[in-house]
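Inspection log for the structure reproduced underneath, given as structure tokens.
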Amino acid sequence: MQIRVKCSCGEGNCPEWAIVELQGVVEAQPSVGDRIQNLEIGRLCRVSSEETYTFTVGYHELSGTKTPLKKPMLVLKKNKIPDLNSPNSFKAELEVIGIIRHRILFKTRPKALISRLQK
């Protein structure tokens with residue numbers, strides 16, 4: 001089976017994405033259930049230098065660094081296009097929507113933002 005890959009953003013103009021890598025498990029509250037699409041889990045901020053980031057989830061703050069990947073990865077979107085040779089069938093086509101060249105690695109334990117009850 002042949003799958004075509006196309007890029008409509010032009011050479012060198014693909015949007016840049018990054019991978020956020022966490023150690024441990026991020027669990028959603030039971031009230032969320034399976035509705036995780038567009039779910040906001042925290043706030044990612046770049047500190048003064050471009051290589052340092054903070055990620056705040058609830059009352060916890062993680063510190064991380066931006067590192068390059070050894071090999072870049074593509075972010076693809078699968079499209080179904082009608083097959084002109086055979087009626088009622090479709091071909092798969094992959095569209096490049098981004099490229100990942102870096103990861104933001106959080107490898108330390110989170111820091112508690114509230115250590116005691118405020119009076």
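Note that the numbering runs from 1 along the sequence shown for the chain.
In this structure the side chain of Leu44 reaches within 4.5 angstrom of the side chain of Tyr53, judged on heavy atoms. Arg46 has its side chain out of reach of Glu51: every pair of non-hydrogen atoms, C-beta onward, lies at least 4.5 Å apart. Thr54 is not listed as a side-chain neighbour of Leu62, based on a closest heavy-atom distance of 4.5 Å or more. Looking at heavy atoms from C-beta onward, Phe106 lies out of side-chain contact with Thr108 at the 4.5 angstrom threshold. Considering only heavy atoms from C-beta on, Lys66 stays 4.5 Å or farther from Arg103 through its side chain. Contact of the Asn79 side chain with the Leu94 side chain is not registered, since no non-hydrogen atoms from C-beta on lie closer than 4.5 Å. In this structure, Ile100 and Val75 have side chains that are in contact, with non-hydrogen atoms separated by less than 4.5 Å.
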Could you walk me through whether Lys111 and Glu61 pass the salt bridge (charged side-chain N to carboxylate O under 4.0 Å, His left out) check? CA-CA 5 Å; Lys111 177 176 73 170; Glu61 184 178 83; 3.4 Å; yes
Run the side chain to side chain contact (heavy atoms under 4.5 Å, CB included) check on Ile19 and Ile104 step by step: do they pass? CA-CA 6 Å; Ile19 294 174; Ile104 302 170; over 6 Å; no
Going through the distances and angles, do Gln23 and Glu21 end up as a side chain to side chain contact (heavy atoms under 4.5 Å, CB included)? CA-CA 7 Å; Gln23 306 299 317; Glu21 186 174 326; 3.8 Å; yes
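In this structure, NE2 on His102 lies 8.0 Å from CG on Leu69, to the nearest 0.5 angstrom. Here CD of Glu93 is found 11.0 Å from CG of Leu76. Values are rounded to the nearest 0.5 Å.
Under 3.5 Å, the side chains of Thr56 and Arg43 contain no donor-acceptor pair of N or O atoms.
Under a hydrophobic clustering in which Ile, Leu, Val, Met, Phe, Trp and Tyr are joined whenever their side-chain heavy atoms come within less than 4.5 Å, directly or via other members, Leu105 and Leu22 fall into different clusters.
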